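Report on one structure; see the data block that follows.
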Amino acid sequence: MTSRSCPCGLPQTYADCCGRCHGGTAAAPTAEALMRSRYSAFVKGDVAYLLRTWHPRTRPARLELDPGMRWTGLEILETEDGSAFHATGTVTFRASFRGGSLHERSRFERVDGAWVYVDGEFLDQ
């Protein structure tokens, strides 16, 4: 990843990729795109975006990120549904951080046409 590439792992710059979602000028068109933009929000410390893209029924009242956490990469392992033609979808991923990784299957739904994160299941490492 170059210093200009998006933290989500796609080759575009942050401004042309996840930065558009974070800034509100674009919406994630798929569950995978939302997953990538949420990962980038964790990297950037964008709590407002994380809360805004969390399903109202499962969203916490507040979210505090560990300022010492250093995310180092995202690998999408599998997607199921979650396209423009679906109302739900799942994304299985591995997010690496300094000292380890997080392996999760996340569930997404559309609310008022927009993809939101519902919840996730941690998988064996």
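Side chains are part of it too, since the values below use all heavy atoms of this structure and drop only hydrogens, waters and symmetry mates. Model, not experiment: these values are computed from the prediction.
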Practice task
Check the hydrophobic clustering (I, L, V, M, F, W, Y; side-chain heavy atoms under 4.5 Å; chains of links allowed) and say if Leu65 and Tyr117 are grouped together.
Solution key: yes

Handout entry: Joint cluster assignment, Leu77 & Phe97, ILVMFWY side-chain distance < 4.5 Å
Key = no

So which heavy atom on [X] is nearest to which on [Y], and how close?
| X | Y | answer |
| --- | --- | --- |
| Val111 | Pro56 | CG2-CD, 4.4 Å |
| Pro7 | Tyr39 | O-CE2, 3.2 Å |
| Ala95 | Trp71 | CB-CZ3, 3.7 Å |
| Phe108 | Leu34 | CD2-CD2, 3.7 Å |
| Trp115 | Gly89 | CZ3-N, 3.9 Å |

Completion exercise
Here the salt bridge (Lys or Arg N to Asp or Glu O under 4.0 Å) pairs for residues 109-123, sequence neighbours left out, are Arg57-Glu109, Arg105-Glu121, Arg107-Asp119

Handout entry: Qualifying salt bridge (Lys or Arg N to Asp or Glu O under 4.0 Å) pairs, either residue in residues 26-50, two or more places apart
Key = Glu32-Arg36

Problem - pair Leu51-Pro60: side-chain heavy atoms closer than 4.5 Å - result: yes

Exercise for the section: Decide yes or no for His103 and Thr92: does some side-chain heavy atom of the first lie under 4.5 Å from some side-chain heavy atom of the second? Expected result: yes

Practice task
Report the C-alpha separation of Leu74 and Val43 in whole Å, then their side-chain angles, then the decisive distance to 0.1 Å, and conclude whether the side-chain contact (heavy atoms from CB on, under 4.5 Å) test is met.
Solution key: CA-CA 10 Å; Leu74 176 65; Val43 171; over 6 Å; no

Exercise for the section: Please check if the side chain of Thr72 supplies one atom and the backbone of Ser96 the other of a donor-acceptor pair under 3.5 Å. Expected result: yes

Exercise for the section: Report yes or no: does Arg59 contribute a side-chain atom to a donor-acceptor pair with the main-chain N or O of Trp54 at less than 3.5 Å? Expected result: yes

Got a list of side-chain donor-acceptor pairs under 3.5 Å for residues 13-21, not counting sequence neighbours?
unit_1: Thr13; atom_1: OG1; unit_2: Asp16; atom_2: N; d: 3.2
unit_1: Thr13; atom_1: OG1; unit_2: Asp16; atom_2: OD2; d: 3.3
unit_1: Tyr14; atom_1: OH; unit_2: His22; atom_2: ND1; d: 2.7

Completion exercise
side-chain contact (heavy atoms from CB on, under 4.5 Å) filter on Phe85, not counting sequence neighbours, yields Ser83

Problem - Partner set under side-chain contact (heavy atoms from CB on, under 4.5 Å) for Pro11, not counting sequence neighbours - result: none

Exercise for the section: Go through the steps for Tyr49 and Ser37 under the test side chain to side chain donor-acceptor pair (under 3.5 Å), then give the verdict. Expected result: CA-CA 9 Å; Tyr49 181 78; Ser37 71; 2.6 Å; yes

Problem - Distance (rounded to the nearest 0.5 Å) between Leu123 CG and Arg94 CZ - result: 9.0 Å

Practice task
Measure the spacing between CE of Met35 and CD of Glu104 and express it to the nearest 0.5 Å.
Solution key: 7.0 Å

Problem - Whichever hydrophobic residues join Val118 through chains of side-chain contacts under 4.5 Å - result: none

